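See structure below.
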2 protein chains.
Amino acid sequence: MPSAAQLDDTMLALADPTRRAILKRLARGEARVTELAAPFDMTLNAVSKHIRVLERARLVNRRRDGREHILSFNPKPLDEAAVWIERQRNFWNARLDALERALREDDET
Amino acid sequence: MPSAAQLDDTMLALADPTRRAILKRLARGEARVTELAAPFDMTLNAVSKHIRVLERARLVNRRRDGREHILSFNPKPLDEAAVWIERQRNFWNARLDALERALREDDET
DNA sequence: GGCATATTATACCTTTCGGTTGAATAATAA
DNA sequence: TTATTATTCAACCGAAAGGTATAATATGCC
């Protein structure tokens with residue numbers, strides 16, 4: 001059961017194209033900060049901040065190897081977000097099913 | 001193929017507990033603005049703004065009936081968000097599978 | 001030691017967020 | 001017509017987002 005605050009953090013982290021791109025990259029394997037920053041037309045500092053947002057959401061873990069910080073992907077919060085989304089979809093579908101049932105009953109009278 | 005901007009809007013809309021609660025309510029059926037606002041300890045105006053954010057993300061549709069605005073749930077952007085999340089998870093799992101295969105091959109030598 | 005490299009910290013700026021209050025608009029009811 | 005009800009609009013506020021430039025902190029290398 002993901003807390004509301006955890007979902008807030010996760011969704012917020014996903015609500016930015018730079019951060020989604022970083023995650024995409026990390027889903028394929030670890031990387032250092034500089035490597036992650038390379039594709040982007042912004043300061044290393046800005047990317048560093050984006051990484052911190054991803055860390056706050058626990059989507060990214062940091063390990064230090066000398067002066068290099070090595071980032072890795074943690075899918076767990078993504079799972080929790082997916083569960084929330086799936087649940088709403090289920091409620092929605094259940095409602096449509098009930099509506100359909102009701103219409104069918106109506107037909108039979 | 002959801003545009004980056006569409007995903008931005010969707011994720012941002014989901015990154016707030018009030019808006020998630022509103023969506024949850026709407027997944028069970030339409031409601032008016034006042035009805036949606038009732039459970040929350042904030043101004044009707046604030047809720048009205050949250051609804052606008054949900055509309056911008058196309059998660060909510062508005063229909064007018066006299067002076068009442070009737071809001072309904074649109075699951076489409078939720079589907080697109082789920083697809084994005086699922087895709088990252090797949091990349092991640094593929095990577096783990098490859099790692100496992102590599103380890104197994106190593107065993108056989 | 002001294003210099004280059006990897007990364008964060010701090011301070012600052014502009015825009016957006018989430019909320020408020022108070023006024024405007026539109027539709028219904030008396 | 002005059003209230004009352006449903007909703008938005010507009011202005012404002014403090015806090016956070018997303019970016020910059022510059023300084024600080026480690027670590028690695030000669």
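Just so it is clear, the model here is predicted, and its values are computed rather than measured. Below, read A as the first sequence line, B as the second, and so on, with proteins coming before strands; counting in each chain starts at 1.
For DNA chain D, the residues of residues 14-33 of chain A within the heavy-atom distance limit of 4.0 Å (strictly under) are A:Asp16, A:Arg19, sorted by number.
Atom P of nucleotide D:dA6 and atom CG of B:Leu71 are separated by 15 Å, given to the nearest angstrom. In this entry the distance linking NE2 of B:His69 with P of C:dA26 reads 10 Å, nearest Å. The CG-C1' distance, from B:Asp8 to D:dG18, rounds to 13 Å in whole Å. For the pair B:Lys49 NZ and D:dC13 P, the interatomic distance rounds to 13 Å; values are reported in whole Å. Between B:Met11 atom CE and C:dT16 atom C1' there is a gap of 20 Å when expressed in whole angstrom units. Atoms CE (B:Met42) and C1' (C:dG18) sit 8 Å apart, rounded to a whole Å.
Under the 3.5 Å distance criterion, the side-chain polar atoms of A:Gln6 are matched with a main-chain donor or acceptor of A:Ala57. Under a 3.5 Å cut-off, the side chain of A:Ser48 and the backbone N or O of A:Leu44 do not form any donor-acceptor pair. Although no hydrogens or angles enter the test, the distance criterion places a donor-acceptor pair under 3.5 Å between the side chain of A:Asn74 and the main chain of A:Arg58. A donor-acceptor pair is defined here as one N or O able to donate and one able to accept, closer than 3.5 Å; no such pair exists between the side chain of B:Glu30 and the backbone of B:Leu26.
Between A:Arg56 and D:dA16 there is no side-chain N or O to OP1 or OP2 distance below 4.0 Å.
B:Leu44 comes within contact range of at least one nucleobase, with a heavy-atom separation under 4.0 Å.
Of all heavy-atom pairs spanning A:Leu12 and A:Arg19, the tightest one is O-NH2, 3.0 Å. In terms of heavy atoms, A:Glu100 sits closest to A:Arg104 at OE2-NH2, 2.5 Å.
Rounded to the nearest 0.5 angstrom, B:Asp16 CG and B:His50 NE2 are separated by 4.5 Å.
By the 4.5 Å heavy-atom criterion applied to side chains, A:Ile22 and A:Phe40 are counted as neighbours.
Here the nucleotide nearest the side chain of A:Arg52, chosen from C:dG19, C:dA9, D:dG18, is C:dA9. Comparing D:dG19, C:dG19, D:dA17 by their nearest atom to the side chain of B:His50 picks out C:dG19.
Across B:Thr10, B:Leu14, B:Asp9, B:Val60, a single residue satisfies side-chain contact (heavy atoms from CB on, under 4.5 Å) together with B:Pro77, and that is B:Thr10.
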Summarise how protein sits on nucleotides 22-30 of chain D as a single string, 5' to 3': B when a protein heavy atom is under 4.0 Å from the base, S for sugar-phosphate-only contact, - for no contact.
-> B---SBS--
